[in-house]
Amino acid sequence: MADKFILNVIHRPEMVPEYAEKVTGHGKEEDIGRKSLLTESLDIFKLQQEIAHKNHIKTTIQMTYASLFNEEAVQIAKEHHKKYGDEIALSLLGLPCEQFREKYKTKDFCIWMFSMEDKKSIVQDVFGKFYEIFGFYPESTGSYYMDADLINYIKETYPSVKCAVATCWEEGPKAYHTCNNSWYTFMDGGPWNPWIPSKQNTHAPAANEAEDSGIVAIPHLSRDLLACYDGNGSNFGTHPQNVLRGMIYDTKTWEYPYLYNLIDQYRHLEKFNNGYAYNMMFVGPGWLNKMGRWEAPYELLRKSYEDGMAYYGKLKEEGLLEDMTMAEFADHYRAKKSYTEPECALWKDILYGSDKQLFWYCDPYMRVCVNMDQGGAIVDLRPYAAKLEWPVGIGTPHVTDASYPFLIQEKYRAGYFTHYAGEGTVRSAKLSYRGEEVDLCLCRTRAAFSEEALSEDGKKTRILTLDPVEIEFEGLTVALQTKIFFEEGSSRIRMQREILEMSKPGEEVLLNEYMVACYGTTEYTEDMTHITLSVTDGSTEKQIAYAYKCREEEMADAVRAKAVIPEIKTAVSMTVEKESGAVGYIREGYAFSPMFTLGYQKKLKDKEVFATWLNLERAD
């Protein structure tokens, strides 16, 4: 039985909206105190509130620092809290205003990019001003991204805070490139749906109470988990103006069925998450200014917002949706979810008309993407098990890059489809027969999702069952099926291959299970020389200290092939059952292909099954 679809609508009276000063100023010298800018921004906020309330949707009003100095904005927040039940919260967006510029002497506006000393000072100023105006501290806050040190400080200093907008899904090099290489906010690798951040790293969900940062985090936008991954995420979200920016509408009729399909796909996620589904709508006033945005006139911007909110209102009227404030949602989430329960999404293409599917899995130990267009290959893997401490901002090693590092990432490190030489990062398998070799990445398939009980404690295994693929060699046809098992709370993935049928049952094929990996957050290679590779049968071990020398080692009856990557405090391994009879191997890359490979080779006959496990752990 599905729960109601949960909706957060968040508005902010952002007195100096991003981008808008230049538009409103019409080429005049910059003046963030310009009256026309402040008046228009407040009018847009009032319009957004009016549209939400007309559709019987309550909102979370995230007051910006600038709005705290505006009596009308403050009065509206108080009135709407009393009349409609809207939550008065506090945003760490919208910092720029005359008072902020005068004190901090900077045009920086991203809270996570400041030094830790300035972060604390800014938080004290903003929270202090909020308390001065409203007489209480907020229960919710947020930004595009909030690093762990910032969240920990806020929770310790202002314990009333229970919810925060804490990351913007897949804002990394792809977003940077589509912003003309000017948007220095890298934050790839986080969850796409609400989660409880760990104290060590915002992206990595807490595994238990000891790791719990004390807040529930929500994403800055609800995005298309396929189109956004393949392309620029800023064009594909339930933010109506994103859909307009992506040109995903009829320019004659001003209709946008994609927006409603995207909302419905989020509703559909209840089938993979024990009846729970969530969505959010968070549109700053800069997107609705009278001069228009991108190619869209104001009238279309307004219509898209009205239509989007009306769709939510219709769902609520039909008893299918429940609107919550951020603080209400934080309580609901903690009552609904456990630490180890994963977030799952079997996501299909709703934009381009293909049959492509991606499966996303996120828990406290990993974030994984499986691509059915590549035979069920793992094409994105983030090792949350390491709970990697990653300080962000001025004075840290990561001034602008808040991303959680990957081990596999096909968009930044090639994936299966590579240049004429070298390899890209991917977890897949190859079948060989009499000198012919076929990679499962070339075998498109589809998947079905299911669950089964794991143990008496109620934890489950999530199972991805792929449609069988048929592989034709010269003189032999093989039907093979893949099943992928995600064991809750285990920090490992089981990948099972089964030969369903052979045209010549007496023959055998060689199965090569492999993982090509590296580490990093961008397209550019990192120093691999501290990585250690090893393979063992339980009594003997062979090692390779990475030196770009293209060396290999293998071992019969190996039980583990492993890589330790000190820079990201991560150990990743592939293991098999001891009596499997498989040959394990490790492979060092070279400068033109700076990867490493772990794998197993095993001969299989008709009706035989072979399983391997991918394991993640922290390595200090």
Side-chain angles (χ1 to χ4, degrees), residues 189 200-201 204 365-368 378 380-390 397-398 403-409 412-414 422-428 490-493 495 512-522 524-578 580 582-601 612-620:
Q200 302 95 318
N201 191 299
Y365 310 101
M366 66 186 81
R367 197 196 77 175
V368 185
I378 293 175
D380 187 295
L381 176 62
R382 314 282 173 151
Y384 290 161
K387 293 293 186 292
L388 183 64
E389 297 86 356
W390 193 270
H398 315 289
S403 298
Y404 198 97
F406 53 75
L407 290 172
I408 294 173
Q409 220 295 330
Y412 306 145
R413 299 299 178 86
E423 293 181 300
T425 58
V426 69
R427 166 72 182 91
S428 183
S490 73
S491 74
R492 67 179 192 165
I493 306 166
M495 196 164 283
N512 178 5
E513 293 282 355
Y514 72 91
M515 173 186 181
V516 178
C518 61
Y519 75 98
T521 58
T522 69
Y524 302 116
T525 182
E526 306 285 348
D527 181 8
M528 303 282 281
T529 54
H530 301 117
I531 295 174
T532 303
L533 307 175
S534 63
V535 60
T536 180
D537 61 6
S539 56
T540 304
E541 182 175 272
K542 296 179 180 179
Q543 284 194 354
I544 297 175
Y546 204 105
Y548 300 95
K549 292 183 178 180
C550 205
R551 293 168 292 176
E552 299 182 31
E553 294 284 358
E554 67 175 42
M555 185 175 289
D557 298 317
V559 294
R560 186 185 69 225
K562 182 177 181 180
V564 177
I565 307 108
E567 280 83 356
I568 58 170
K569 298 181 179 178
T570 297
V572 56
S573 63
M574 286 178 62
T575 56
V576 296
E577 294 174 348
K578 187 168 179 59
S580 71
V583 175
Y585 67 90
I586 52 177
R587 184 180 301 146
E588 176 188 29
Y590 46 98
F592 190 86
S593 184
M595 315 294 172
F596 63 83
T597 306
L598 311 177
Y600 279 94
Q601 293 188 339
T612 58
W613 282 261
L614 190 158
N615 315 279
L616 295 167
E617 59 186 316
R618 183 178 171 102
D620 285 308

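Side chains are part of it too, since the values below use all heavy atoms of this structure and drop only hydrogens, waters and symmetry mates. From a predicted model like this one, the values you see are computed outputs, not experimental measurements. The chain is numbered in sequence order, starting from 1.
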C518: which of Q409, E423, R413 passes side-chain contact (heavy atoms from CB on, under 4.5 Å):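 Running side-chain contact (heavy atoms from CB on, under 4.5 Å) over Q409, E423, R413 with C518 returns exactly one hit, R413.
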With M515 as reference, evaluate V426, T425, L381, T597 under the side-chain contact (heavy atoms from CB on, under 4.5 Å) test and give the passing residue.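 Option passing the side-chain contact (heavy atoms from CB on, under 4.5 Å) with M515: L381.
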Donor-acceptor under 3.5 Å (R551 side chain, A545 main chain): yes
CD/E567: more than 12 non-hydrogen atoms of other groups inside 6.0 Å: yes
Residues forming a side-chain contact (heavy atoms from CB on, under 4.5 Å) with V559, sequence neighbours excluded: T536, K578
Residues 537-573 vs ring-ring contact (aromatic ring centres under 6.0 Å, His included), sequence neighbours excluded, gives Y546-Y548
Smallest separation among heavy atoms of K387 and A204, with atom names: CD-CB, 3.7 Å
Candidate pair S573 and W613, rule side-chain contact (heavy atoms from CB on, under 4.5 Å), full reasoning: CA-CA 8 Å; S573 63; W613 282 261; over 6 Å; no
Do I568 and L407 have side-chain heavy atoms sitting under 4.5 Å apart? yes
Per the salt bridge (Lys or Arg N to Asp or Glu O under 4.0 Å) rule, what does the pair list look like for residues 531-541, sequence neighbours excluded? E541-R560
Stepwise, does the salt bridge (Lys or Arg N to Asp or Glu O under 4.0 Å) test hold for E389 with R618? CA-CA 11 Å; E389 297 86 356; R618 183 178 171 102; 3.3 Å; yes
Parallel, tilted or perpendicular: ring planes of Y404 versus Y384, cut at 30 and 60 degrees: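 It falls in the perpendicular class, over 60°.
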